[in-house]
Protein chains: 2
Amino acid sequence: MGKRDVLEREQREAFRDYLARKRLKMTPQRMRILDAFLASEGHLSSEDLYHRVREVDNTVGQATVYRTLKLLSDSGIAKEVDFAEGVARYEHGFHDEHHDHLICQRCRATVEVADERIERLQEDLAAKHGYRLTGHSMCLYGICPRCRAKE
Amino acid sequence: MGKRDVLEREQREAFRDYLARKRLKMTPQRMRILDAFLASEGHLSSEDLYHRVREVDNTVGQATVYRTLKLLSDSGIAKEVDFAEGVARYEHGFHDEHHDHLICQRCRATVEVADERIERLQEDLAAKHGYRLTGHSMCLYGICPRCRAKE
DNA sequence: GTACTTGCAAACGCTTTGCACTCTC
DNA sequence: GAGAGTGCAAAGCGTTTGCAAGTAC
């Protein structure tokens with residue numbers, strides 16, 4: 001069994017626990033939405049996820065996907081990210097490390113990046129103004145190598 | 001005459017030029033919207049600006065404010081900023097230096113911050129992945145000193 | 001059996017657009 | 001006077017919500 005399968009199983013377990021704790025129910029719809037989410041990579045919109053779920057079960061409604069994504073967010077399995085496009089996107093939330101995003105303005109190709117020095121400077125910056133930092137969002141926009149080659 | 005007045009005059013000039021170049025027209029509505037924008041500080045939503053303009057002239061429509069804000073953006077007088085609230089906000093665009101934002105999660109108090117070292121590290125990060133950096137948005141979220149004192 | 005969930009469609013909030021009328025250049 | 005700009009209301013978009021019927025526990 002691959003590492004991926006183990007991870008997926010853990011996530012399913014975590015979601016079950018979360019639902020139980022909140023006295024909510026596991027339903028076939030939530031199951032399928034979770035599965036589709038776990039099987040995905042990158043940064044899906046609710047719409048994206050809806051279409052993937054639909055391939056498996058074309059009775060699931062959009063509203064259920066929206067509602068379930070909220071639950072996945074709350075439980076920490078998914079994490080909402082905002083690329084200033086006017087749609088909410090979600091990435092896997094169990095990534096142990098924080099990261100930011102480097103996004104191609106042409107083709108939307110996205111790289112996850114992390115730099116500890118930047119994080120530290122951000123802390124300093126907040127502290128300098130007396131703020132206690134609780135989080136941040138950083139998106140770098142540019143042109144990816146592939147698109148640059150086409151220029 | 002204060003420095004502020006000079007700046008405002010320059011901005012009005014710049015907008016006139018922009019309109020002329022694009023073969024667009026200066027109208028009383030655009031004038032009033034520009035004036036309200038220049039007289040403001042911080043990060044206004046279209047709604048905010050609409051209300052301020054309305055205090056001067058209650059015949060101006062929301063659509064005109066939206067349309068004019070787009071023009072102000074295009075002309076560089078305003079700059080759109082996204083604080084992930086679901087509303088577009090605009091700040092003065094003639095600030096000579098780039099800056100990012102530090103936002104209080106409780107009261108929304110916003111500080112403009114800049115750190116050259118972070119900028120440089122961002123460039124490095126993009127370059128490391130072969131991207132040519134064209135821009136970025138960085139929002140730091142935290143609790144401001146005033147709100148911390150109330151805890 | 002009792003909540004909680006569902007799909008649907010209607011409502012939502014912000015923004016854009018089609019239109020007939022008005023105004024600037 | 002030709003082309004742009006206006007206010008209004010309607011439409012558009014992603015998202016949320018009210019509801020009656022259905023389902024997990």
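No experiment lies behind these values; they were computed from the predicted model shown. Reckoned from all heavy atoms, side chains included, excluding hydrogens, waters and symmetry mates. First the proteins, then the strands, lettered A, B, ... as listed; each starts at 1.
Rounded to whole Å, the distance from CG on B:Leu49 to P on C:dT15 is 12 Å. Between the CG atom of B:Leu19 and the P atom of D:dG3 there is a distance of 19 Å, given to the nearest Å. For B:Asn58 and D:dT6, the CG to C1' distance is 15 Å, given to the nearest whole Å. Nucleotide C:dC23 holds its P atom 13 Å from the CG atom of B:Asp57, rounded to whole Å. As a whole-Å value, the separation of B:Leu69 CG from D:dG5 C1' is 16 Å.
Considering only heavy atoms from C-beta on, A:Ile118 comes within 4.5 Å of B:Leu125 through its side chain. Counting heavy atoms from C-beta outward, A:Cys139 and A:Asp100 have side chains that stay 4.5 Å or more apart.
Classification of B:Glu116 and B:Arg120 as a salt-bridged pair holds, one side-chain N sitting under 4.0 Å from a carboxylate O. Taking a cutoff of 4.0 Å between a charged side-chain nitrogen and a carboxylate oxygen, A:Lys22 and A:Asp74 do not qualify as a salt bridge. The existence of a salt bridge linking B:Arg12 and B:Glu8 is confirmed by a sub-4.0 Å separation between a basic side-chain nitrogen and an acidic carboxylate oxygen.
Below 30°, between 30° and 60°, or above 60°: for B:Tyr18 and B:Phe15 the angle between ring planes is below 30°, a parallel geometry.
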Criterion side-chain hydrogen bond (donor to acceptor under 3.5 Å, both in side chains) on B:His51 and B:Glu47, from CA distance to verdict: CA-CA 6 Å; B:His51 287 307; B:Glu47 184 84 14; 3.1 Å; yes
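Nearest heavy-atom pair, A:Tyr50 versus A:Gly61, reported as atom, atom and distance to 0.1 Å: CE1-C, 3.8 Å.
Contacts of residues 20-33 of chain B with DNA chain D (heavy atom under 4.0 Å): B:Leu24, B:Lys25, B:Thr27, B:Gln29, B:Arg30.
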Per-nucleotide protein contact along nucleotides 11-17 of chain D, 5' to 3', at a 4.0 Å heavy-atom cut-off (B base, S sugar-phosphate only, - neither), is ---SBBB
